[in-house]
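What follows is a single structure, written as structure tokens, with notes after it.
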Amino acid sequence: MSVLAVEYTKKSQYEQAFQLLKEDAESDYKKAFLSSESDSMKKLLFYDSEYVKVSALPKIVEATQSEPSAKAEQVLSQALEVAKTIKSRDKKVKVITAIAIGYTQLKQKDKSEQLLAQALQIAENIHQ
């Protein structure tokens, strides 16, 4: 799934990439599966969804470097919305940091600093 999202990104088809990432977490199949499976299977499926997002989002952020600023800002905003759905704190820190770097490259220092502060706060509370 993350490979497909990245392929959409390479073609500047960001909406399709984000749709895949959102569908992965919300698919009817997964909901039905989760309602009937053991806790260990639920955890496995949860981590798979997290992996897809964590693998694809930094690559999507990186691809924004070749986009006009307005488009890149829109993509970074969408990436942040998807990043907020990541449950694993350490993975969320990784993705939010990548998004912050994307904002830095757009010369949006305030937004970048805000996201880095958010990532630091999450990191400081990882083991709580």
Side-chain angles (χ1 to χ4, degrees):
M1 189 72 71
S2 67
V3 173
L4 189 54
V6 171
E7 287 302 314
Y8 275 127
T9 299
K10 288 178 182 177
K11 297 176 183 177
S12 296
Q13 295 177 336
Y14 298 104
E15 291 298 324
Q16 292 87 337
F18 286 118
Q19 189 62 37
L20 273 177
L21 295 176
K22 290 175 185 174
E23 284 176 1
D24 184 60
E26 301 169 357
S27 73
D28 290 336
Y29 171 75
K30 279 191 176 179
K31 288 177 186 174
F33 182 79
L34 287 172
S35 68
S36 65
E37 288 301 318
S38 68
D39 286 342
S40 60
M41 287 301 292
K42 288 177 185 178
K43 287 179 185 176
L44 180 63
L45 202 52
F46 165 76
Y47 287 119
D48 179 54
S49 177
E50 295 279 292
Y51 174 79
V52 167
K53 292 175 188 175
V54 174
S55 297
L57 286 171
K59 292 175 184 170
I60 291 171
V61 169
E62 186 178 320
T64 64
Q65 294 175 15
S66 62
E67 295 292 342
S69 293
K71 179 67 175 178
E73 187 175 346
Q74 178 186 13
V75 171
L76 292 174
S77 178
Q78 288 179 287
L80 185 57
E81 289 304 310
V82 175
K84 290 178 182 178
T85 67
I86 296 172
K87 304 282 188 241
S88 168
R89 290 180 181 180
D90 59 327
K91 291 177 176 137
K92 186 179 278 191
V93 167
K94 176 183 176 182
V95 173
I96 289 175
T97 301
I99 295 168
I101 291 168
Y103 277 108
T104 299
Q105 292 167 338
L106 290 176
K107 309 225 184 310
Q108 293 192 14
K109 181 181 174 188
D110 291 343
K111 184 66 175 179
S112 179
E113 288 177 350
Q114 174 191 4
L115 290 174
L116 288 172
Q118 182 181 347
L120 179 60
Q121 182 179 25
I122 295 167
E124 290 175 340
N125 295 310
I126 280 180
H127 297 294
Q128 291 184 351

Donor-acceptor side-chain pairing of [X] and [Y] below 3.5 angstrom:
X	Y	answer
E7	Q13	no
Y14	E67	yes
K53	T85	yes

Measure the spacing between [atom1] of [X] and [atom2] of [Y] and express it to the nearest 0.5 Å.
X	Y	atom1	atom2	value
T9	Q16	OG1	CD	9.5 Å
Q78	T64	CD	OG1	11.5 Å
S88	K94	OG	NZ	10.5 Å
Q121	R89	CD	CZ	10.0 Å
Q114	L80	CD	CG	8.5 Å
K91	Y51	NZ	OH	10.0 Å

State, to 0.1 Å, how close [X] and [Y] come at their nearest heavy-atom pair, and which atoms those are.
X	Y	value
L57	V95	CD1-CG1, 3.6 Å
K92	I122	CD-CD1, 3.7 Å
L115	A100	CB-CB, 3.8 Å
V61	A98	CG1-O, 3.3 Å

Carefully, step by step, assess E62 and K59 under the rule salt bridge (Lys or Arg N to Asp or Glu O under 4.0 Å).
CA-CA 5 Å; E62 186 178 320; K59 292 175 184 170; over 6 Å; no
Run the salt bridge (charged side-chain N to carboxylate O under 4.0 Å, His left out) test against K107 and tell me which residues pass, sequence neighbours left out.
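Scan of K107 (salt bridge (charged side-chain N to carboxylate O under 4.0 Å, His left out), adjacent residues dropped) gives none.
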So, does T97 use its side chain to make a donor-acceptor pair with the main chain of V93 at under 3.5 Å?
yes
Show, in sequence, the C-alpha distance, side-chain angles and deciding distance for Q105 and L76, and conclude whether the side-chain contact (heavy atoms from CB on, under 4.5 Å) test is met.
CA-CA 11 Å; Q105 292 167 338; L76 292 174; over 6 Å; no
Trace of the side-chain contact (heavy atoms from CB on, under 4.5 Å) decision for Y103 with D110:
CA-CA 9 Å; Y103 277 108; D110 291 343; over 6 Å; no
Answer whether the closest heavy-atom distance between the side chains of I99 and Q118 falls below 4.5 Å.
no
Does V75 belong to the same Ile/Leu/Val/Met/Phe/Trp/Tyr cluster as I101, with side-chain heavy atoms less than 4.5 Å apart forming each link?
no
Please lay out, stage by stage, how L21 and I60 fare under the test side-chain contact (heavy atoms from CB on, under 4.5 Å).
CA-CA 11 Å; L21 295 176; I60 291 171; 3.9 Å; yes
